[in-house]
**Student:** 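Just passing along the structure, written as structure tokens.
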Amino acid sequence: MHAHDYEEEFAGMIASLTDAEEKVKRYREQIQDIKGVVRCPQCGAEVQSGSAFCSSCGTPMPKAKPINTDDLVRCDSCGAMVKKSAFLHLLWQANGSGNNN
């Protein structure tokens, strides 16, 4: 069964799978943003944002877009720069406010 060649009774499942794949792609991008990494276009390795070359294969990395530091805070635990919205969300969950009890 293929995404573009399927029987009509599988249309709902194919649509659900396509939606799920898009969500996974967006979540991976969000995780990379939070971690401050990008993917190497040659080998797919995670490379620190702003690096000139891939640390795995040596491929020159595309120029990164300027980072807006107004939306970043330093994590008290590890010292990494993370987006305020993600940091505040994690703090909110850690303090038990994210529980539905």
**Student:** Should we say atom CD of Gln42 is surrounded by more than 12 heavy atoms from elsewhere, each under 6.0 Å from it?
**Tutor:**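 No - once you tally the heavy atoms of other residues, nucleotides and ligands closer than 6.0 Å, there are 12 at most.
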
**Student:** Are any of the side-chain heavy atoms of Cys57 and Cys40 separated by less than 4.5 Å?
**Tutor:**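 Touching, per the 4.5 Å side-chain cut-off.
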
**Student:** Please identify each residue that fulfils side-chain contact (heavy atoms from CB on, under 4.5 Å) with Ser55, with sequence neighbours left out.
**Tutor:**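 For Ser55, no residue satisfies side-chain contact (heavy atoms from CB on, under 4.5 Å) once neighbours in sequence are set aside.
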
**Student:** Any salt bridge (Lys or Arg N to Asp or Glu O under 4.0 Å) pairs touching residues 16-27, not counting sequence neighbours?
**Tutor:**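 Listed by first then second residue: nothing to list.
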
**Student:** Mind checking salt bridge (Lys or Arg N to Asp or Glu O under 4.0 Å) for Arg28 and listing every partner two or more places apart, or none if nothing turns up?
**Tutor:**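 If we apply the salt bridge (Lys or Arg N to Asp or Glu O under 4.0 Å) test to Arg28, skipping adjacent residues, there are no hits.
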
**Student:** With sequence neighbours excluded, tell me which residues meet side-chain contact (heavy atoms from CB on, under 4.5 Å) with Ala11.
**Tutor:**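 Partners of Ala11 by the side-chain contact (heavy atoms from CB on, under 4.5 Å) criterion, ordered by chain and then number, come out as Tyr6, Glu8.
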
**Student:** What are the two closest heavy atoms between Gly36 and Gln48, and how far apart are they?
**Tutor:**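 Looks like O-NE2, 3.1 Å.
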
**Student:** Using the side-chain contact (heavy atoms from CB on, under 4.5 Å) criterion, which residues pair with Ala15? Sequence neighbours excluded.
**Tutor:**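 Residues passing side-chain contact (heavy atoms from CB on, under 4.5 Å) with Ala15: none at all.
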
**Student:** Tell me, which pairs form a salt bridge (Lys or Arg N to Asp or Glu O under 4.0 Å) where one or both residues lie in residues 37-49, sequence neighbours left out?
**Tutor:**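 Sorted result for residues 37-49: Lys35-Glu46, Arg39-Glu46.
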
